[in-house]
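Shown next, in structure tokens, is the structure this report addresses.
Small disclaimer: the values here were computed from a predicted structure and weren't measured.
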Amino acid sequence: MTNFVSTHGVRIYSVLAALVPALVLVWPKIPWEALVTASAGLLGVGVLAASHEDAKTASALTKDPAGDLTTDDTRWG
């Protein structure tokens, strides 16, 4: 499960962020405090997801691409 969340964290976040406004349509009498709390939580998760993606990008940029390919690799023609 941790690997799934790590791989698809931004997608999960976007689905949750899209569902918050729908809560008002489903439950019109929902307290505004609950919506503010959910929005603040989603903002925190968004920052966490962005920093995780930044770490993955930085890790990929520091990798040696020559070490990933072999001389008989036919993918590159």
Side-chain angles (χ1 to χ4, degrees):
M1 183 69 173
T2 304
N3 190 25
F4 178 80
V5 172
S6 177
T7 305
H8 302 288
V10 176
R11 289 184 180 115
I12 294 169
Y13 165 76
S14 63
V15 168
L16 291 175
L19 288 177
V20 169
L23 292 175
V24 177
L25 296 174
V26 175
W27 295 292
K29 295 185 187 236
I30 193 166
W32 66 271
E33 295 91 350
L35 289 177
V36 169
T37 303
S39 298
L42 284 172
L43 283 174
V45 170
V47 169
L48 182 67
S51 65
H52 180 71
E53 291 297 318
D54 289 345
K56 288 192 323 188
T57 302
S59 173
L61 288 175
T62 58
K63 241 184 189 177
D64 181 24
D68 292 341
L69 300 175
T70 61
T71 56
D72 59 291
D73 195 351
T74 58
R75 294 179 295 170
W76 303 103

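Put simply, OG1 on T37 and CG on L42 are 11.0 Å apart, with the number rounded to the nearest 0.5 Å.
Linking ILVMFWY residues whenever their side-chain heavy atoms come closer than 4.5 Å, directly or via other members, leaves I30 and V36 in distinct clusters. Under a hydrophobic-cluster definition in which Ile, Leu, Val, Met, Phe, Trp and Tyr are linked whenever side-chain heavy atoms come within less than 4.5 Å, directly or via other members, L16 and F4 are assigned to the same cluster. In the hydrophobic clustering of ILVMFWY residues, with side-chain heavy atoms under 4.5 Å counting as a link, L43 and V24 come out apart. The hydrophobic cluster containing L23 also contains V26, counting ILVMFWY residues as joined when their side-chain heavy atoms lie under 4.5 angstrom apart, directly or transitively.
Checked by atom type and distance alone, the side chain of S59 never pairs as donor or acceptor with a backbone atom of A55 at under 3.5 Å.
L25 and P28 get closest at one heavy-atom pair: O-CD, 4.2 Å. Considering every non-hydrogen atom in both V20 and A38, the closest pair reads CG2-CB, 4.4 Å.
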